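Notes follow once the structure below has been shown.
Predicted, not measured: the structure shown is a model, and the values here were computed from it.
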Amino acid sequence: MNGSDIVKISATFMIGLMTFGCTAMDRPADAQNAPPGLATPNAVEGISGIVLGPAGAGIPNASIVLQDTLLADFSRPDGSFSFQGLPDEDYVVSVSRTGLRTQFFEVTVTDGKSSPIEVSMEPNPYFLKAAADFEKAKPERLAEKADYLNEISSRPADAPNIVVIFFDDLGYGDIGVYGNRLISTPHMDQLAAEGVRMTEFYSASPVCTPSRAALMTGRYPSRALAANHVFFPSGSPVAMIRQALGFQNALPQDEILLPEVLQRAGFRTALIGKWHLGDEPGHKPNDLGFDRFFGALYSNDMSPFEIYSDENVVIPADDVNQGELTPAYSSEAIEFMQAGDAPYFLYFAHTFPHVPHFADATFSGASAAGVYGDIVEDLDRSVGAIVDSVKSDSSDRETLIIVTSDNGGDYLGSSGPLRGRKAEVFEGGMRVPMIAWWPEKLPAGEVRDGMAMNIDLFPTVLSMLGIQLPKDRVIDGENILPLLEGQETTPHDHLFYTTAWDGETVGVRNDEYKFLDRMTKRSVNAFHPHPSPFVSFADQMLTDLVRDNEAHNVIEKHPEIAAELIERLERRRSDLEDNVRGWLPLMDAEDAN
């Protein structure tokens, strides 16, 4: 996720930011009484200046508006801004930034020039107070979690190694075998030729943190209180805003994660790459089931972007060369795979192709798709290295490899034939590539069209190993091994769509049709059902996923299908409202006997 994208969380959020930045009692009745910028005698063309944050450094993406005009600007990476060609006049200028108090001041333009402005921003006291009042969610089922994990017996002797390669923002159409004709991905194409490729596999959210929470727990992200956009570094302005809004910023400790189960079953476990499920003590990878962690706690557009080896920073933010991350991750992953005899679970969560984009300098410029293509081809070489390591293993242990993405492609990625992209609940935002390779178990070169989701990994792996699911909570996923083997079409009657910003369940699909409820959308496009800060809406929409790419609304053609899906969606919402964590009743000792 782009760190700056947090401003899109929801209409309510944005309105809150605006009003929190300057309420009626904050804004002076007369702009001349507002705190002025610090002017210097050297006149500049138009109105120019710099916006400084509380620490005194220039801050980007502050909104600068000339009141009562149609002119606005955003501060650049160094905090600077500029308006040129202004007529001589007195202007009221407002400067606002997420989490900071909005400032108003007056600037006079004479002979087309004015004194340069230095605006020093202060923390927003309303957010500070709301953040101070925030209470972290208290674990409710820690004892039950401990009991469950303690009851897990050792793995079967022939348990396979399990490798999950999880890309960040890789689009449905970014791989050759999924139709891309510019980006060369021979290793992933070969993996599909030797395994099973799915065409209707979904992430549980169109953005990062919620999707990763779902992958790790087998539950929709709302269950883990992780559905509202993405987590941010503790202490950052956006983390403070999340707290002010009552949003959690770390995965609850009573969630049961796949690596915790596998660790208890005798697997060696490692996360190589990106975590993005919390940075507080008790919420880091080594706290939640991973023996080994090498990578970053957050997205590569967040600060500080540091590389950890377990609990220790081994590459400070200033020394990170992001172009070297993919080969470095690959080396660490292979070293872990080759380090012991016990079966392993490798969660290889790549940093890329998330923005900002950095390709391996060794192959820079090689792709016909530009720098984005270079990055995806770097990732493909990484997949090839992992597969080569598995194939060169002299042991008799089998290995299951799953390749997929956390959500749809970002603005430079390809959604292939699908409508929409990352952060949207159109198919392009949540339908992702998925390749499963297990030569001893799965057929080669086959395609599965049944619908499935990344919540299915948790129950599928446990079923493979003969481990019972937890009985104190809802597991939303299903075992999809029979689907991969070709024994059934899909274990799901319905799948649900969760929005990126407010984490609401707004859509549902069955095996043929998809329903999207009325929701906010971009005001510049009256037919675009995408949550955004603007106060306008898109109507309910029913689409035929078999014969269409969500271009045509057929709700009036099939009202009975829409009614069935609406009823299922409302039932889902009601269930979440009544029991968002999905806790099941606990048996007392008498019932247990």
Ignoring hydrogens and angles, tell me if any N or O in the side chain of [X] forms a donor-acceptor pair with the backbone of [Y] under 3.5 Å.
X      : Y      : answer
Arg242 : Phe232 : no
Ser574 : Glu570 : no
Thr209 : Phe231 : yes
Ser236 : Pro233 : yes
Asn321 : Gly323 : yes
Arg155 : Leu262 : no
Thr460 : Ile480 : yes
Arg573 : Thr505 : yes
Gln540 : Leu516 : no
Glu332 : Ile272 : no

Are [X] and [Y] packed together at the side-chain level, in the sense that at least one heavy-atom pair is separated by less than 4.5 angstrom?
X      : Y      : value
Val261 : Tyr148 : yes
Asp406 : Leu215 : no
Pro206 : Lys422 : no
Leu100 : Asn124 : no
Phe267 : Asn161 : no
Ile402 : Met434 : yes
Thr269 : Phe345 : yes
Ser299 : His276 : yes

What heavy-atom pair brings [X] and [Y] nearest, and what distance separates the two atoms?
X      : Y      : answer
Leu225 : Ala137 : CD1-CB, 3.7 Å
Gly278 : Tyr298 : C-OH, 4.2 Å
Ala239 : Ser234 : CB-CA, 4.3 Å
Met216 : Pro259 : SD-CD, 3.8 Å
Lys274 : Leu271 : O-CD1, 3.9 Å
Val355 : Asp410 : CG2-OD2, 4.0 Å

Given Arg223, which partner from the list Asp254, Asp575, Asp476 fulfils the salt bridge (Lys or Arg N to Asp or Glu O under 4.0 Å) test? Asp476
Which of Arg141, Arg219, Arg212 passes salt bridge (Lys or Arg N to Asp or Glu O under 4.0 Å) with Glu255? Answer is Arg219
Step by step, would you call Ser211 with Asn454 a side chain to side chain contact (heavy atoms under 4.5 Å, CB included)? CA-CA 8 Å; Ser211 176; Asn454 63 5; 3.0 Å; yes
I need the [X] [atom1] to [Y] [atom2] distance, nearest 0.5 Å.
X      : Y      : atom1 : atom2 : result
Leu569 : Ile566 : CG    : CD1   : 8.0 Å
Asn312 : Glu306 : CG    : CD    : 11.5 Å
Leu565 : Asp517 : CG    : CG    : 11.5 Å
Leu495 : Ile455 : CG    : CD1   : 6.5 Å
Asn579 : Ser222 : CG    : OG    : 12.0 Å
Ser75  : Leu52  : OG    : CG    : 10.0 Å

Donor-acceptor pair between [X] and [Y] side chains, under 3.5 angstrom:
X      : Y      : result
Gln243 : Asn249 : no
Ser96  : Thr102 : no
Asn300 : His354 : yes
Thr351 : Tyr329 : yes
Asp456 : Asn479 : no
Ser309 : Arg292 : yes

Does NZ or CZ of Arg572 lie under 6.0 Å from the centre of the six-membered ring of Phe496, at an angle within 45° of the ring axis?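 Positive - Arg572 is close enough to the ring of Phe496 and near enough to its axis.
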Checking side-chain hydrogen bond (donor to acceptor under 3.5 Å, both in side chains) for the pair Asn228/Asp502: CA distance, chi angles, key distance, verdict? CA-CA 5 Å; Asn228 300 94; Asp502 54 14; over 6 Å; no
I would like to know whether Glu311 and Asp287 meet side chain to side chain contact (heavy atoms under 4.5 Å, CB included); could you show each step before the answer? CA-CA 10 Å; Glu311 294 283 348; Asp287 302 320; 3.9 Å; yes
Passing candidate, side-chain hydrogen bond (donor to acceptor under 3.5 Å, both in side chains) with Tyr497, options Glu424, Glu427, Arg509: Glu427
Test salt bridge (charged side-chain N to carboxylate O under 4.0 Å, His left out) on Glu567 and Arg571 and set out the steps. CA-CA 6 Å; Glu567 187 278 330; Arg571 184 152 37 100; 3.1 Å; yes
NZ/NE/NH1/NH2 to OD/OE distance under 4.0 Å, Glu280 and Lys136: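 A salt bridge is present here (some side-chain N lies under 4.0 Å from a carboxylate O).
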With a cut-off of 6.0 Å (strictly less than), are more than 12 heavy atoms of other residues, nucleotides or ligands near CG of Asp578? yes
Parallel, tilted or perpendicular: which one describes the rings of Phe290 and Tyr347, with boundaries at 30° and 60°?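 It falls in the parallel class, under 30°.
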Could you walk me through whether Lys514 and Val508 pass the side chain to side chain contact (heavy atoms under 4.5 Å, CB included) check? CA-CA 6 Å; Lys514 173 179 177 179; Val508 59; over 6 Å; no
Start with the C-alpha distance between Phe293 and Tyr308, add both sets of side-chain angles, then the distance that settles side chain to side chain contact (heavy atoms under 4.5 Å, CB included), and finish with yes or no. CA-CA 7 Å; Phe293 169 50; Tyr308 283 76; 3.5 Å; yes
